[in-house]
Amino acid sequence: MVINQISVFNMIIFLNIALFFYMIIGNKGKFIQKFSVGPLLFFIVLIGIRGIYQGYYVRGIMFQTNWFLNSLFTILYLPLYEGIVEIKVSHLLWAVWTLGAIYSFIANCYSYGKLEKYIGKIRKYEDPAAYKIADEIRNDENIRRKPKIYRSPDISEPFLMGIRQGRIFIPDIPFTEEELKFILHHELQHFEHYDNFKKCLLLIFRNIFWWNPLMERYFDDCEHVMEIHCDLRTVKNMIKEERIHYGETILKVVKECNTLNSPYETVHCTGFFRRQAKEKLKQRLQVIADFQKKKVRKAPRISLYILGILLFLGSYMVNFTPSFDPTLDDIDGEYDYWISDNTESFILDYESENEYQIYIDNVFYEAVSKDHELPKKYEDLPVYEAEE
């Protein structure tokens with residue numbers, strides 16, 4: 001396992017390619033209906049693994065640049081402080097990235113703690129009528145897990161907290177029995193399918209890539225996809241008239257929520273309503289209205305998982321590296337550390353020519369006869385038998 005500047009650079013390239021690709025096709029209604037948030041999470045996890053396990057195929061495709069990456073890595077290795085401990089630009093950037101991720105994580109934990117503290121203080125009660133409706137839904141939909149249900153005049157929107165021990169909170173707004181049934185059905189679907197756990201994974205990746213605006217957009221879109229799929233699971237057995245009433249209930253909750261000020265954030269929770277752009281709300285209502293019950297086809301989702309795996313494996317055959325030819329001073333000095341920590345440096349064993357050929361960053365550097373012992377500075381490099 002190697003994590004260095006080149007591995008991180010390649011990970012960022014593949015991450016942004018995936019995010020850009022999703023931005024192009026991810027907002028289409030048909031795409032959202034066919035592909036759940038699962039494959040989207042899977043892609044991000046694979047990209048994270050790609051950044052940690054920076055291997056490569058020796059005979060793969062190497063994109064070497066003579067100016068961009070060379071200039072970039074020259075800047076990264078500029079010394080900022082030379083003393084007992086040398087500090088370079090790359091060290092500073094790593095520190096900013098790490099501290100930013102830690103701050104984002106702590107901020108999210110603080111926000112969740114603030115919500116828990118608020119929930120502990122507010123007026124709330126368990127509604128027997130809500131439990132009765134929820135039990136009917138659970139029996140009809142074969143939902144095994146049973147969360148607690150609270151009504152409260154001090155919250156502004158319905159939402160679900162927790163992963164294993166769920167708690168559904170519903171504002172003390174005068175809902176009809178049908179509207180309450182729609183809301184509870186939606187939240188029970190969130191709870192049954194562990195949507196809060198999926199959202200936590202998304203938050204972790206958003207915290208890690210806090211500096212990437214595409215990641216923020218991706219997080220928001222994944223939330224949108226999650227809500228639509230929860231809607232589709234909720235309305236799958238409804239007739240068109242019921243689906244219209246379901247959409248009207250969403251609009252009623254939107255109207256009520258916009259008239260109340262919330263002293264808390266529910267970014268860690270899933271809910272019946274998300275504060276989102278009008279275009280996404282319109283798309284959500286349109287997907288609900290146009291829904292037609294069909295046999296669920298698993299092939300599109302499985303194909304997306306397979307595509308992710310193929311791209312993941314294929315990415316080890318494509319690498320972006322600087323076209324770097326070290327000087328003798330580099331080899332004798334600090335470059336020893338770079339070689340030992342760089343998977344793009346290796347030795348080819350040419351049996352017929354009785355020599356070793358040394359490659360630094362996939363660029364041939366020198367040949368060493370087997371009649372002589374390999375210099376110590378090369379002892380950590382992997383040796384591969386050359387095909388002749």
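Residues E187 and P158 share a closest heavy-atom pair of OE2-O, 4.0 Å.
With contacts defined as side-chain heavy-atom distances shorter than 4.5 Å, the pair D127/I149 does not qualify. Residues F182 and V235 have side chains not in contact (no heavy-atom distance under 4.5 Å, counting atoms from C-beta outward). For the pair C269/L115, a side-chain contact is recorded, criterion being any heavy-atom separation below 4.5 Å from C-beta on. The shortest distance between side-chain heavy atoms of D220 and E223 falls below 4.5 Å. Using a 4.5 Å heavy-atom cutoff, the side chains of I168 and I183 are not in contact. Side-chain contact check for P171 versus S152: every heavy-atom pair is 4.5 Å or farther apart. By the 4.5 Å heavy-atom criterion applied to side chains, L285 and L251 are counted as neighbours. Taking the side chain as every heavy atom from C-beta outward, I122 and I155 approach each other to under 4.5 Å.
W94 is not connected to I102 by any chain of hydrophobic side-chain contacts under 4.5 Å among Ile, Leu, Val, Met, Phe, Trp and Tyr, and they are in different clusters. A chain of hydrophobic side-chain contacts below 4.5 Å, direct or via other Ile, Leu, Val, Met, Phe, Trp or Tyr residues, connects L374 to L381. A continuous path of ILVMFWY side-chain contacts below 4.5 Å connects L281 to Y246, so both sit in one hydrophobic cluster.
In this structure, R145 is positioned above the aromatic face of Y194, its NZ or CZ under 6.0 Å from the six-membered ring centre and within 45° of the axis.
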Review point. Can Y125 and D172 be said to form a side-chain hydrogen bond (donor to acceptor under 3.5 Å, both in side chains), step by step?
Key: CA-CA 10 Å; Y125 62 94; D172 212 359; 3.1 Å; yes
**Study point:** Derivation of the side chain to side chain contact (heavy atoms under 4.5 Å, CB included) call for M215 and I208
**Key:** CA-CA 10 Å; M215 195 66 193; I208 294 173; over 6 Å; no
Check your understanding: What's the verdict on side-chain hydrogen bond (donor to acceptor under 3.5 Å, both in side chains) for Y112 and E116, showing C-alpha distance, side-chain angles and the deciding distance?
Key -> CA-CA 6 Å; Y112 187 79; E116 284 280 13; 3.3 Å; yes
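For the residue pair N212 / Y218, no side-chain donor-acceptor distance below 3.5 Å is found, with atom types taken as modelled.
For the atom pair CG (L184) and CZ (F175), the distance works out to 10.0 Å, reported to the nearest 0.5 Å. Going from atom NZ of K88 over to atom CG of L80 covers 10.5 Å, rounded to the nearest 0.5 Å. Note: H245 NE2 to E178 CD = 6.0 Å, rounded to the nearest 0.5 Å. Rounding to the nearest 0.5 angstrom, the gap separating the OH atom in Y131 from the NZ atom in K146 is 7.0 Å.
Taking a cutoff of 4.0 Å between a charged side-chain nitrogen and a carboxylate oxygen, D349 and K370 qualify as a salt bridge. Using a 4.0 Å cut-off between a side-chain N of Lys or Arg and a carboxylate O of Asp or Glu, K124 and D154 do not qualify as a salt bridge. A salt bridge does not link K132 with D135: every distance from a Lys NZ or Arg NE/NH1/NH2 to an Asp or Glu carboxylate oxygen is 4.0 Å or more.
The only option from E248, M238, K236 that meets the side chain to side chain contact (heavy atoms under 4.5 Å, CB included) definition with R243 turns out to be M238. Here the rule is side chain to side chain contact (heavy atoms under 4.5 Å, CB included) with I250, and of H186, R284, E227 only R284 fits it.
The aromatic rings of W97 and W211 lie perpendicular to each other, with more than 60° between the two planes, well past the 30° mark.
With hydrogens and angles disregarded, no donor-acceptor distance shorter than 3.5 Å links the side chain of R151 to the backbone of E126.
Partners of Y356 by side chain to side chain donor-acceptor pair (under 3.5 Å), not counting sequence neighbours: none found. A search for side-chain contact (heavy atoms from CB on, under 4.5 Å) contacts involving D140 returns nothing, not counting sequence neighbours.
Remark: F105 CZ is loosely packed, at most 12 non-hydrogen atoms of other residues, nucleotides or ligands lying under 6.0 Å away.
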